[in-house]
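Atoms within a ligand are numbered from 1 in the order they appear, just like the ligands themselves.
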Amino acid sequence: MAANKLFVILATAYGALGAATPGEPTIADLNPYPAKPRISFKSNNTFKLTVFSDLHFGENPWEDWGPAHDKSSVALMARILADEKPDFAVINGDLVTGENTFRENVTLLLDQIAGPFNAAKQPFAVTFGNHDNEPNITHAEEIAHLQKVSPFTYVRAAPDGVGGDSGPANYWVPIYKKQSDKAPVLILWFFDSRGGFHLKPNSTVGVPDWVDASVGDWIQSETIKMEAAWGPADSRAAVAFVHIPPHAIQALQSSVSSDKNPGMNADTLGNGSVQDSASVGNDSPFWDSLVANVPNLHALVSGHDHGNEWCAREPNKKIIFCFDKHSGYGGYDSEGWGHGVRNFLFGTPDPKAGVETWIRLEEGTTKARVTLDSSYDPRN
Ligand SMILES: *[C@@H]1O[C@H](CO)[C@@H](O)[C@H](O)[C@H]1NC(C)=O
Ligand SMILES: *[C@@H]1O[C@H](CO)[C@@H](O)[C@H](O)[C@H]1NC(C)=O
Ligand SMILES: *[C@@H]1O[C@H](CO)[C@@H](O)[C@H](O)[C@H]1NC(C)=O
Ligand SMILES: *[C@@H]1O[C@H](CO)[C@@H](O)[C@H](O)[C@H]1NC(C)=O
Ligand SMILES: *[C@@H]1O[C@H](CO)[C@@H](O)[C@H](O)[C@H]1NC(C)=O
């Protein structure tokens, strides 16, 4: 493809671009956030990512315990952000328990969630879960509202036509070694696993609960642009986030072991707990495309199943999967599970190097620490 033609394609896709050098047009700076600070590694070459999940704000507002839970969740978020001081944070879906919300004031819950991130000036990205699509709220509305109330969020919607019915939150965030670099060393991918119900009073029609096939094609077209702008895919690493685990993860549970796959394993995976669990194969275009087009993928990370914390390698695709830690006081729970986050620590921008990950509970204790690298959990 001629450089000129490529420039036009990139310019069309990304709108305003930095000035090209006079004469030869340069490859576009493929930065979807020209107005925001670039997220980068620290000067000592480390990068820490803190992942919240399943906050479930807005349960039973007509009783005391629901709003009390939300206060506890705000306190947990503020404390963990202050302690961990991550370079970037993620909320991996189910921000609200949408079925308990009211059309006229549901966005007040999003204001509460954005609060601790705004106060800490903490850049963050978001995926959405099945409880974020309900008769009174949609993923698209949550994206728009978070963009309005937080200058620190990197959440954005995919182009029209990508994501299928009620699944707009497919996007990526580039992470640079240094702020001044043109090409990132790490891409954080965010996918929309949909589920829940359509926006309308008393809606009982379910939204498909898997990443739409259109996202598979979009991953491929985005990675082609990335290679054109920044060079070979292999020179970058990636971590991917999606609220509901891919269907293929269900088969791993029977063989997790406490030494290789530490962390709670208290939720049995089955109908409703993984993508497309009422049938099989609908999430394959997404899963296949992710694995085919995104090398050096350190992990695919999901929440949804509040009682699970383990990481394990999916043996067909050789991809490491990790559960989040249930962060919110809302959402189903059990005595002793506790609330917290999953951290990832990159010790170097080298895309091939291993990454450390562990669960941190609210009180500060840590557990389930593993290093995700090529020798982690070999399965055949
Ligand atoms: C890198 O810097 C951070 C922030 O100052 C510090 O917490 C961390 O321990 C440092 N890591 C290394 C490996 O030097
Ligand atoms: C939203 O409105 C409902 C019904 O009036 C009320 O019970 C609830 O407390 C309100 N929620 C918030 C977050 O203010
Ligand atoms: C949605 O909001 C409306 C208006 O406040 C309320 O009547 C209804 O109970 C809410 N929940 C559902 C599930 O429709
Ligand atoms: C929704 O259900 C409630 C409770 O059954 C009913 O009162 C209301 O009329 C229904 N609304 C619509 C628009 O169907
Ligand atoms: C899973 O649940 C759905 C909805 O409740 C149901 O239609 C489907 O038959 C169930 N599938 C299996 C495999 O149990």
Is a side-chain N or O of His145 found less than 3.5 angstrom from the main chain of Gln147, in a donor-acceptor match? no
Report yes or no: does Arg103 contribute a side-chain atom to a donor-acceptor pair with the main-chain N or O of Asn136 at less than 3.5 Å? yes
On the six-membered ring of Trp358, is Arg342 placed so that its NZ or CZ lies under 6.0 angstrom from the centre and within 45° of the ring axis? no
side-chain hydrogen bond (donor to acceptor under 3.5 Å, both in side chains) test vs His131 passes for just one of His56, His243, His304, Glu99, namely Glu99
Can you name the residues that form a salt bridge (Lys or Arg N to Asp or Glu O under 4.0 Å) with Glu142, not counting sequence neighbours? none
Using a 3.5 Å cut-off on N/O to N/O, what pairs does ligand 3 make with the protein? A line per pair would be great.
from     : atom 1 : to     : atom 2 : distance (Å)
ligand 3 : 2 (O)  : Arg103 : N      : 3.1
ligand 3 : 2 (O)  : Asn136 : OD1    : 3.2
ligand 3 : 2 (O)  : Asn136 : ND2    : 2.4
ligand 3 : 5 (O)  : Glu104 : OE1    : 2.6
ligand 3 : 5 (O)  : Glu104 : OE2    : 3.3
ligand 3 : 11 (N) : Asn136 : ND2    : 2.9

Could you check whether Arg38 pairs with Asp181 (Lys NZ or Arg NE/NH1/NH2 to Asp/Glu carboxylate O, under 4.0 Å)? no
